[in-house]
Visitor: 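Below is a structure I'd like to ask you about.
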Amino acid sequence: MQIEPRVFSGMQPTGSLHLGNYLGAMINWIKMQETHACIYCVVDLHAITVWQDPAELRSAIRQVTAAYIAAGLDPKKSILFNQSQVAAHAELAWIFNCVARLGWLNRMTQFKEKAGKDREQASVGLYAYPNLMAADILVYRATHVPVGDDQKQHLELARDIAQKFNNDFRDQIIAHGYRDGVFFPQPEPVITGPATRVMSLRDGTKKMSKSDPSDLSRISLTDSDDIIADKIKRAKTDAEPLPNTVEEMAKRPEIDNLVGIYAALADTSKDAAFNLLLATSTDGPSLFTGFKRNLTDAAIAKLGPIRSEIIRLMDDPVEIDKVLANGAERARALAAPVMDQVKDIVGLIRS
Ligand code: TYM
């Protein structure tokens with residue numbers, strides 16, 4: 001049986017989305033919406049693997065939905081919904097808890113980072129998180145997953161789970177009409193563009209993230225023009241002379257990051273952005289001032305309209321909830337037959 005190309009991806013509703021989420025993933029989501037059947041999820045069940053204040057969570061789910069729409073995702077073209085409204089995600093995740101091996105999860109670097117030193121106190125959900133992520137993708141038998149570079153390892157795990165499920169239940173899968181024995185596809189990560197790993201504006205060795213205690217480290221999609229300008233002005237650079245080549249620049253994490261961000265915002269190549277860096281540089285300690293000015297203009301031009309649209313949409317939560325309800329209904333309709341087949345394949349009885 002032919003598996004149709006289908007795109008799935010998601011973001012956690014934990015605080016405002018930032019430039020890393022936008023440039024690393026969402027820009028590609030918007031492009032793929034024109035060429036593929038796409039499902040974009042607000043992964044609220046993933047968010048509660050660490051403590052969330054219930055009122056803030058509810059608001060963040062709506063805000064991420066508003067950001068999806070404001071950035072250009074069209075609920076008529078793509079399916080937009082929040083994960084907890086489609087029970088099949090959690091149901092398939094349980095089955096995957098029984099397929100994935102402890103040894104596989106023990107290797108997950110993001111669990112180690114997020115659990116920190118006091119691992120005994122981490123929730124079981126945080127540990128099993130990658131299995132739920134595999135279920136998100138595979139409950140739609142999705143084939144393409146546009147994400148930032150940090151999700152690579154989780155995607156590899158999803159592929160391993162798909163493969164092991166196909167192997168463990170090979171005879172049943174063939175008996176169900178999948179003659180090649182492939183029930184779940186191997187989902188392909190789509191990690192592409194000049195900013196697949198946006199770094200902190202304060203430390204070029206750390207990823208830009210919602211959990212960084214310094215607000216100056218990230219640009220949020222809800223930041224005002226003035227705040228964007230201020231954060232870029234104060235973004236860390238170094239005191240070395242200008243790099244001569246793009247390769248040389250790669251060893252200068254802060255500069256490399258700013259040039260990558262510019263390229264992604266202005267929809268140009270890293271080479272072109274590097275040439276702009278050379279053309280706008282000035283002598284002395286303000287070497288990067290000219291480039292930063294261009295970067296600020298590009299950021300405000302791109303993010304300003306998104307911010308206004310988020311604010312406008314957030315004024316009408318009933319409308320946002322309608323979008324989510326409609327998306328959830330469509331998602332449930334796609335997931336239900338897959339879940340029915342999974343149950344039959346595994347040997348569970350359903351009515
Ligand atoms: P999350 O919510 O941390 O991030 C959402 C998306 O943004 C990307 N991203 C970045 N890209 C570049 N530079 C950065 N600094 C940066 N920070 C975040 C992430 O790679 C991601 O694509 N586990 C996922 C959510 C998830 C998911 C899924 C994704 C749950 N189920 C199924 C794809 C498919 C996460 O925590 O992303």
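Indexing begins at 1, ligand by ligand and atom by atom, following the structure's order. Keep in mind that what you see is a predicted model, and the values were worked out from it rather than measured.
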Visitor: Could you check, using the six-membered ring where one of them is a Trp, whether H89 and Y140 have ring centers closer than 6.0 angstrom?
Guide: yes
Visitor: Is there a heavy atom of Q110 sitting under 4.0 angstrom from any atom of ligand 1?
Guide: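 Checking ligand 1 against Q110, which is what was asked, there is no heavy-atom contact under 4.0 Å.
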Visitor: Supply the atom-to-atom distance D321 CG to R58 CZ, rounded to the nearest 0.5 angstrom.
Guide: 10.0 Å
Visitor: Just checking F8 against H144, ring centres under 6.0 Å apart?
Guide: no
Visitor: What verdict does the side-chain contact (heavy atoms from CB on, under 4.5 Å) test give for I39 and V7, after you've listed the backbone C-alpha separation in whole Å, the side-chain angles of each residue and the deciding distance to 0.1 Å?
Guide: CA-CA 6 Å; I39 306 172; V7 173; over 6 Å; no
Visitor: Which of the atoms of ligand 1 are close to K207, meaning less than 4.0 Å from one of its heavy atoms?
Guide: 15 (N)
Visitor: Side chain, backbone, both or neither: which part of L132 comes within less than 4.0 Å of ligand 1 when only heavy atoms are counted?
Guide: neither
Visitor: Hey, looking at atom 19 (C) of ligand 1, which of I261, V147, D150 has the closest heavy atom?
Guide: D150
Visitor: Are the ring centres of F96 and F184 closer than 6.0 Å?
Guide: yes
Visitor: Should you measure from each heavy atom of T196, which atoms of ligand 1 turn up under 4.0 Å away?
Guide: 11 (N), 12 (C), 13 (N)
Visitor: Given the ring of F183, does R141 sit roughly above its face, with NZ or CZ under 6.0 Å from the centre of the six-membered ring and within 45° of the axis?
Guide: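 Verdict for F183: a cation-pi partner in R141.
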Visitor: Just let me know how H18 lines up against ligand 1, side chain, backbone, both or neither, with a heavy-atom cut-off below 4.0 Å.
Guide: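 The answer is the side chain.
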Visitor: For the 3.5 Å polar cut-off, considering only N or O atoms, please tell me whether Q151 and ligand 1 meet it.
Guide: yes
Visitor: Once rounded to the nearest 0.5 Å, what's the spacing between atom CG of D230 and atom CD1 of I219?
Guide: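 Output value for this atom pair is 10.0 Å.
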Visitor: Taking distance alone, with N or O pairs closer than 3.5 Å, would you say M133 contacts ligand 1?
Guide: no
Visitor: Can you tell me how far apart OH (Y127) and CZ (F111) are? Round to the nearest 0.5 Å.
Guide: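 Between atom OH of Y127 and atom CZ of F111 there are 7.0 Å.
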Visitor: Quick check for you: to the nearest 0.5 Å, what is the distance between I300 atom CD1 and I228 atom CD1?
Guide: 5.5 Å
Visitor: Between CG of D316 and CZ of R62, what distance do you get to the nearest 0.5 Å?
Guide: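 So the gap between those two atoms works out to 10.5 Å.
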Visitor: For atom 36 (O) of ligand 1, what's the nearest protein heavy atom and its distance?
Guide: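 Atom 36 (O) of ligand 1 sits closest to the protein heavy atom Y129 OH, 2.7 Å.
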Visitor: Identify, for atom 31 (N) of ligand 1, the protein heavy atom at the shortest distance, and state residue, atom and that distance.
Guide: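 The closest heavy atom on the protein side is D136 OD2, 2.7 Å.
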Visitor: Heavy-atom contacts under 4.0 Å between V198 and ligand 1: side chain, backbone, both, or neither?
Guide: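 It is both backbone and side chain that touch ligand 1.
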Visitor: With rounding to the nearest 0.5 Å, note down the distance linking CD in Q110 to NZ in K152.
Guide: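 It comes to 13.0 Å.
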Visitor: Can the ring centres of Y68 and Y40 be said to be less than 6.0 Å apart?
Guide: no
Visitor: Atom 25 (C) of ligand 1: which protein heavy atom is closest, and how many Å away?
Guide: G10 O, 3.6 Å
Visitor: Give the single entry among S209, A195, S211, G148 that approaches atom 22 (O) of ligand 1 most closely by any heavy atom.
Guide: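 It is G148 that holds the nearest heavy atom.
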Visitor: Classify the contact between V145 and ligand 1 as side chain, backbone, both or neither, using a heavy-atom distance cut-off of under 4.0 Å.
Guide: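 Side chain only; the backbone of V145 stays clear of ligand 1.
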Visitor: Check each atom of ligand 1 against the heavy atoms of Q12 and keep those under 4.0 Å away; list them by number with element.
Guide: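 With Q12 as reference, the close atoms of ligand 1 come out as 2 (O), 35 (C), 36 (O).
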Visitor: What do we get for M11 next to ligand 1 when only non-hydrogen atoms under 4.0 Å count, side chain, backbone, both or neither?
Guide: both
Visitor: Could you name the option among G193, C41, G20 that has the heavy atom nearest to atom 16 (C) of ligand 1?
Guide: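 Result: the heavy atom closest to atom 16 (C) of ligand 1 is in G20.
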Visitor: Distance under 4.0 Å to a non-hydrogen atom of F8: what atoms of ligand 1 satisfy this?
Guide: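 Selected atoms, number and element: 32 (C), 34 (C).
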Visitor: May I ask you to list the atoms of ligand 1 that are less than 4.0 angstrom from any heavy atom of G24?
Guide: 11 (N), 12 (C)
Visitor: For atom 7 (O) of ligand 1, which of the options L155, I27, N21 provides the nearest non-hydrogen atom?
Guide: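 Going through L155, I27, N21 one by one, N21 has the nearest heavy atom to atom 7 (O) of ligand 1.
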